[in-house]
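Have a look at the structure below, then the notes.
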Amino acid sequence: MFKPRGEAANVWHRPRSGRSTDIDMKNGEVVKLTDVYKTYRTGDVEVQAVRGVSLEIQRGEFVALMGASGSGKSTLMNILGCLDRPTSGRYLLDDADVSALDRDRLADIRNHKLGFVFQSFNLLPRTSARENVELPLLYGTHRLTHAQLREKADAVLASVGLAGREDHHPSQLSGGQQQRVAIARALVNDPEVVLADEPTGNLDSRTSVEIMGIFQQLNERGITIIMVTHEQDIAAYARRNVVMRDGLILNDFNVTRRLDAATELAKIAPIDSQVQV
Ligand code: ADP
Ligand code: MG
């Protein structure tokens, strides 16, 4: 069902942007946290949101980060995503120590190595799907022509099943389609890791499974995925579950009965024949 056709097939099977051999040959950890703490201070109040987390994630993993509200998931994701720095401890991303980098260097790492997907899609309104996807390319170091930007954005949109919707604005797209645009935007710079915080939080159950299908496909292509969810049935699409409680890792295990999105979708009767996968 998720088999990309035409242009899309080329995107999926094309070696990823020049550095593909580099990536394919590199194995081992892409993320290594060692004894990471994060303490928030507001006035006199101190909150230890993360209290000594050590975590290794290998290239090509698909990890669901779980835990009750307030357990520290978003704080940990912000650190993993180089949006925030740990109060103490070490973070190696792709073998580089990013624990103590300044804001500019962190922004640079984010642009080159990471892609982000959020619960609320975070697309620019009144801006086409294509332009939303082009945006991260404008922050890159490479100078692409207008035609090259367009070609790249359209190819990535096609790869997530949105060929023909390039000119649609977010308000003209369903929630699932908006999340696909956001995923395309996350992919356009060929990230090492895609980080997703509750990516299905605003979606109905069928659309959620479709989005898990896209993540599973990306993961098959070798992209590392780290996804926050509090839904057990969504976490079952990942390969590994890491459960947090009170700022610590409570449990960390491989998913034994992993769900396959294509299989699950086939069991669900299509509610809307307009849904294009
Ligand atoms: P989760 O994503 O699992 O719900 P969070 O990482 O958002 O958990 O929060 C962990 C703890 O840190 C909570 O007690 C929360 O109130 C606190 N916290 C999160 N962000 C901040 C912040 N910016 N300032 C102060 N406290 C925060
Ligand atoms: Mg959170």
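Each residue takes its place number in the sequence, starting with 1. Start at 1 and go down the list; that is how both ligands and their atoms are numbered. Quick caveat, the model's predicted, so the values are computed rather than measured.
Listed by chain and number, Tyr40, Val47, Ala49, Ala68, Ser69, Gly70, Ser71, Gly72, Lys73, Ser74, Thr75 each place a non-hydrogen atom less than 4.0 angstrom from ligand 1.
Lys73 and Met66 get closest at one heavy-atom pair: CD-C, 3.5 Å. Pro191 and Leu114 get closest at one heavy-atom pair: CB-C, 3.6 Å.
In this structure, the side chains of Leu92 and Val31 stay at 4.5 Å or more apart for every pair of heavy atoms. Ile234 is listed as a side-chain neighbour of Met227, based on a closest heavy-atom distance under 4.5 Å.
Panel detail: the Mg ion (ligand 2) has protein N, O or S atoms under 2.8 Å away, 1 in number.
Cluster membership check: Tyr237 does not share its hydrophobic cluster with Val255, using side-chain heavy-atom separations under 4.5 Å among Ile, Leu, Val, Met, Phe, Trp and Tyr.
Only one option out of Ile211, Ile214, Leu123 pairs with Gln179 in a side-chain contact (heavy atoms from CB on, under 4.5 Å); it is Ile211. When each of Val181, Asn122, Asn132 is checked for a side-chain contact (heavy atoms from CB on, under 4.5 Å) with Pro170, only Asn132 meets the rule. Remark: of the listed residues Asp190, Asn189, Asp94, Asp108, Asp94 is the sole one forming a side chain to side chain donor-acceptor pair (under 3.5 Å) with Lys113.
Between Glu192 and Arg59 there is a salt bridge, since at least one side-chain N of the basic residue sits less than 4.0 Å from a carboxylate O of the acidic one.
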